[in-house]
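Please read the structure below before turning to the comments.
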Amino acid sequence: MGMFSGRETVDWHEYLAQFHREHVGAIEELLQRIESGGRTPYAWLSRAVSESSRTVLDLACGTGAVARELARPGRTVIGVDMSAHELAEARRRSPEGTFLRADARHLPLRDASMQAVVSSFGFAVVRPMPQLAKEVDRVLAPGGVVAIISPSWQSLRLHDIPAISKFLSVLHDTPHFPRRAPSPGLPHLFAAHGIRKVEDARERYTYTVRNREDAERLLEAIYLPGVAASRISAAIDSLTQSAHRRPVRITVPMRRFVGIK
């Protein structure tokens, strides 16, 4: 469907800084409310990390949802993000946690210091991907695991499309992530650094819109650079009106990639 196609004209550095300043916690709120078999994407991602992993890095940690899922006695989880506003909220929610403001492409961590590296959406946002993969390889210890979740819109089925396309037609645009240049797929990207694929799975999640608040939370949590506020408001109105007749269930397909070094 091309729902997350790149836009070369967008200043993504500026847009992402503004988005995460004005919508602190919005993405976590959305992902905590989508489920598949009673399990959130954060729980699915966290299950890829062995209980024996004592040092874990959460890349693009946002407000620290994955870091909280992974917290265990005797384990150190370090969350890294570029947004000071998201990190401030992460520290508020997890005062005992370790959160660093840093560029994921230049991590302030020692070589081979992490037994696991996880990221929710980080590989959909941080560019260039080869540089990010190289840095993950640098901090990951031999035998360590890397686990990533990201949207997988290629997994949409025909009956999923009407609910999604209706509000997108009101927006006159589609949500999307940055894409400055074509990048190899995750398996090839990590294979170049000696990290072999052990899983590349897809899972279908559902977000249900029952009222205006649900519609607002959805639109607040997706990247829509250049879309006028009036269009976003109209899309919220459209979803709300549809939900008054019956709940609108929007499919959110997700991908989990797991590799081992």
Side-chain angles (χ1 to χ4, degrees), residues 12-29 31-32 41-43 45-46 48-150 177-178 189-190 193 195 221 223 257-259 261:
W12 278 99
H13 179 79
E14 180 179 337
Y15 175 78
L16 291 172
Q18 179 179 352
F19 180 95
H20 290 285
R21 180 172 64 249
E22 297 177 352
H23 305 283
V24 173
I27 292 177
E28 176 181 342
E29 178 70 23
L31 293 186
Q32 293 285 21
Y42 293 134
L45 176 60
S46 299
V49 177
S50 168
E51 288 294 329
S52 63
S53 296
R54 291 291 174 260
T55 53
V56 182
L57 171 64
D58 179 11
L59 278 176
C61 66
T63 47
V66 178
R68 292 194 299 276
E69 287 270 356
L70 289 169
R72 304 281 190 282
R75 172 185 283 172
T76 298
V77 183
I78 299 173
V80 170
D81 203 282
M82 280 292 288
S83 171
H85 298 82
E86 299 276 12
L87 289 173
E89 180 62 15
R91 295 184 184 108
R92 188 190 70 80
R93 297 183 186 187
S94 303
E96 72 288 352
T98 301
F99 298 99
L100 306 175
R101 189 181 186 198
D103 187 333
R105 300 163 300 180
H106 305 284
L107 295 166
L109 300 171
R110 299 191 309 275
D111 293 358
S113 57
M114 296 289 113
Q115 293 178 328
V117 176
V118 299
S119 186
S120 170
F121 284 50
F123 273 78
V125 175
V126 181
R127 293 293 184 269
M129 280 175 60
Q131 186 176 344
L132 180 58
K134 181 179 180 180
E135 188 68 348
V136 168
D137 173 50
R138 182 185 69 79
V139 302
L140 190 63
V145 167
V146 56
I148 296 161
I149 58 170
S150 58
F177 288 125
L189 192 68
F190 282 108
H193 297 284
I195 298 173
Y223 295 147
F257 173 86
V258 182
K261 184 173 180 179

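Every value quoted in this text rests on a predicted model; they were computed, and no experiment measured them.
The main-chain N or O of Gln115 is found under 3.5 Å from a side-chain atom of Thr55 such that the two form a donor-acceptor pair. Between the Arg68 side chain and the Ser94 main chain, no donor and acceptor come within less than 3.5 Å of each other. A donor-acceptor pair is defined here as one N or O able to donate and one able to accept, closer than 3.5 Å; no such pair exists between the side chain of Arg105 and the backbone of Glu135. Of the possible polar contacts, none joining the Arg92 side chain to the Thr63 backbone as a donor-acceptor pair under 3.5 Å is found.
What you find for Gly62 and Ala90 is that their closest heavy atoms are O-CB, 3.7 Å. Between Ile78 and Met114, the closest heavy-atom pair is CD1-CE, 3.9 Å. Closest non-hydrogen pair, Asp58 versus Ser119, comes out as OD1-CA, 4.4 Å. The two residues Ala67 and Phe99 come nearest to each other via the heavy atoms CB-CE2, 4.1 Å. The shortest non-hydrogen separation linking Asp81 to Leu87 is O-CD1, 3.5 Å. Closest non-hydrogen pair, Glu86 versus His20, comes out as OE2-ND1, 2.7 Å.
Between Trp12 and Tyr15, the two ring planes are perpendicular [angle over 60°; tilted spans 30° to 60°].
Aromatic ring centres of Phe123 and Phe190: separated by under 6.0 Å.
Leu107 places a side-chain heavy atom less than 4.5 Å from the side chain of Leu59. Side-chain contact between Arg127 and Met129 is present, with heavy atoms from C-beta onward closer than 4.5 Å. Two residues are said to be in side-chain contact when any heavy atoms from C-beta on lie closer than 4.5 Å; Val66 and Ser46 meet this criterion. Put simply, the side chain of Tyr42 does not reach to within 4.5 Å of the side chain of Val118, judged on heavy atoms. Looking at heavy atoms from C-beta onward, Val145 lies out of side-chain contact with Val49 at the 4.5 angstrom threshold. You'll find the side chain of Met82 stays beyond 4.5 Å of the side chain of Val126, heavy atoms only. Using a 4.5 Å heavy-atom threshold, the side chains of Lys261 and Asp137 count as touching. A heavy-atom distance below 4.5 Å is not found between the side chains of Glu89 and His85.
Side-chain polar atoms of Glu14 and Gln18 form no donor-acceptor pair below 3.5 angstrom. In summary, the side chains of His106 and Gln131 do present a donor paired with an acceptor at a separation below 3.5 Å, with no hydrogens or angles considered.
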